[in-house]
Amino acid sequence: MIPATFDYVRPASVDDAVRALADAGEDAKVLAGGQSLMPLLRMRLAYPDALIDLDRLDGLREIRDAGDAVVIGAMATHHQVIGDPLVREHLPLMARATETVADPAVRHRGTFCGSLAHADPAGDLPAVALALDAVLLARSVRGEREIPAAEFFVDWMTSALEPDELLVGVRVPKLGAGWGVHYEKFHRTAQAWAIVGVACAVRRSGDTVEDARVALTNMGPVPVRASGVEDAVRGRAATREAFQAAAGHAAEGTEPPTDLHGSAEYRTHLASVLTARALSAAADV
Ligand SMILES: Cc1cc2nc3c(=O)[nH]c(=O)nc-3n(C[C@H](O)[C@H](O)[C@H](O)COP(=O)(O)OP(=O)(O)OC[C@H]3O[C@@H](n4cnc5c(N)ncnc54)[C@H](O)[C@@H]3O)c2cc1C
């Protein structure tokens with residue numbers, strides 16, 4: 001399987017990269033880790049006129065402390081995210097979910113931002129970005145733009161990025177003290193994509209849930225925040241029974257697909273079961 005021909009650009013700076021994107025027009029693609037894009041090129045499901053390779057932009061590999069948030073550079077790999085002390089301390093949900101992504105080879109090349117830009121509904125990390133209220137940082141020759149995760153995923157494999165916009169990083173607010181987290185992923189085999197996944201964070205005060213964040217993977221064309229579940233647990237007892245009852249709201253407002261791995265009805269059932277498990281694990285009850 002040989003990709004169609006394309007112009008190859010390997011810019012040395014972010015400014016050069018956004019200029020190259022602008023010059024290339026609508027049919028250019030950005031290449032980050034290549035773990036999703038290369039298979040599409042080889043199968044000719046994507047055939048851009050130009051490929052803008054970010055590999056030389058070492059400044060984008062940084063994961064840095066930004067006070068009340070952590071900024072993940074666009075070229076920070078899954079492997080980096082998993083091992084990064086800032087992520088492990090302040091964003092353990094991100095580390096936990098990223099550990100379930102693919103295998104070590106993919107995690108050494110694939111990037112957190114590439115996963116978000118790819119906007120695959122079966123990808124694990126869009127739901128994490130949504131649960132953590134991440135803000136995506138885009139740049140083009142027209143300037144900079146911040147896009148909340150809640151507005152970034154617009155349809156099946158479609159993000160709010162304009163064709164001339166480069167994602168330079170993601171700002172993820174630190175969760176703060178008192179939060180427990182869990183990512184519950186149901187997949188056919190280890191290293192496979194999620195049939196359904198649940199990203200969950202719970203803050204307890206004694207036996208009561210003070211706050212909760214729940215977002216679902218692969219329950220529709222875009223990741224979904226399970227706000228019905230969040231409302232049902234806030235201010236209530238942190239018990240398995242209460243979580244099971246609240247998890248009944250998990251599939252509200254979702255459009256689960258039917259595919260080879262499961263029907264929409266099966267996914268609806270899974271969303272409820274996995275949400276109850278994720279809440280219990282995050283709240284440690
Ligand atoms: C065998 C295998 C198993 C996998 N299993 C899982 C899994 O279980 N869970 C999971 O979540 N993912 C999985 N993945 C996907 C993996 O996480 C990829 O790393 C990720 O989807 C894309 O990251 P990337 O850096 O490789 O992006 P690329 O493949 O380089 O790019 C993907 C898309 O995003 C765009 N893009 C990338 N970076 C930018 C940027 N900075 N600005 C603008 N656009 C950009 C590209 O143009 C392209 O359209 C798997 C991949 C493989 C090959």
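Please read all numbers here as calculations on a predicted model, not as lab measurements. Indexing begins at 1, ligand by ligand and atom by atom, following the structure's order.
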Any D55 side-chain heavy atom under 4.5 Å of R61 side chain:
yes
I'd like to know if E99 and R107 make a salt bridge, using a cut-off of under 4.0 Å between side-chain N and carboxylate O.
no
Does a side-chain heavy-atom distance below 4.5 Å link L166 with V30?
yes
Between the side chains of Y183 and T217, does any donor sit under 3.5 Å from an acceptor?
yes
Sub-3.5 Å pairs, protein N or O with ligand 1 N or O:
| from | atom 1 | to | atom 2 | distance (Å) |
| --- | --- | --- | --- | --- |
| ligand 1 | 8 (O) | A102 | N | 3.3 |
| ligand 1 | 8 (O) | K185 | NZ | 3.1 |
| ligand 1 | 8 (O) | A192 | O | 3.4 |
| ligand 1 | 9 (N) | D124 | OD2 | 2.7 |
| ligand 1 | 11 (O) | D124 | N | 2.8 |
| ligand 1 | 11 (O) | D124 | OD2 | 3.4 |
| ligand 1 | 17 (O) | H78 | NE2 | 3.0 |
| ligand 1 | 17 (O) | S115 | OG | 3.4 |
| ligand 1 | 19 (O) | H78 | NE2 | 3.1 |
| ligand 1 | 21 (O) | S36 | OG | 2.6 |
| ligand 1 | 25 (O) | G33 | N | 2.8 |
| ligand 1 | 25 (O) | T111 | N | 2.9 |
| ligand 1 | 25 (O) | T111 | OG1 | 2.6 |
| ligand 1 | 26 (O) | G34 | N | 3.1 |
| ligand 1 | 26 (O) | Q35 | N | 2.7 |
| ligand 1 | 29 (O) | G34 | N | 3.4 |
| ligand 1 | 29 (O) | Q35 | N | 3.2 |
| ligand 1 | 29 (O) | S36 | N | 2.9 |
| ligand 1 | 29 (O) | L37 | N | 2.7 |
| ligand 1 | 30 (O) | A32 | N | 2.9 |
| ligand 1 | 30 (O) | G33 | N | 3.3 |
| ligand 1 | 30 (O) | G34 | N | 2.8 |
| ligand 1 | 41 (N) | L167 | O | 2.9 |
| ligand 1 | 42 (N) | L167 | N | 2.9 |
| ligand 1 | 47 (O) | V30 | N | 3.3 |
| ligand 1 | 47 (O) | V30 | O | 2.6 |
| ligand 1 | 49 (O) | K29 | NZ | 3.2 |

Identify, with sequence neighbours excluded, every residue that meets salt bridge (Lys or Arg N to Asp or Glu O under 4.0 Å) alongside R277.
E184
According to the interplanar angle, ranging from 0 to 90°, do the rings of H79 and H108 count as parallel (below 30°), tilted (30 to 60°) or perpendicular (above 60°)?
parallel
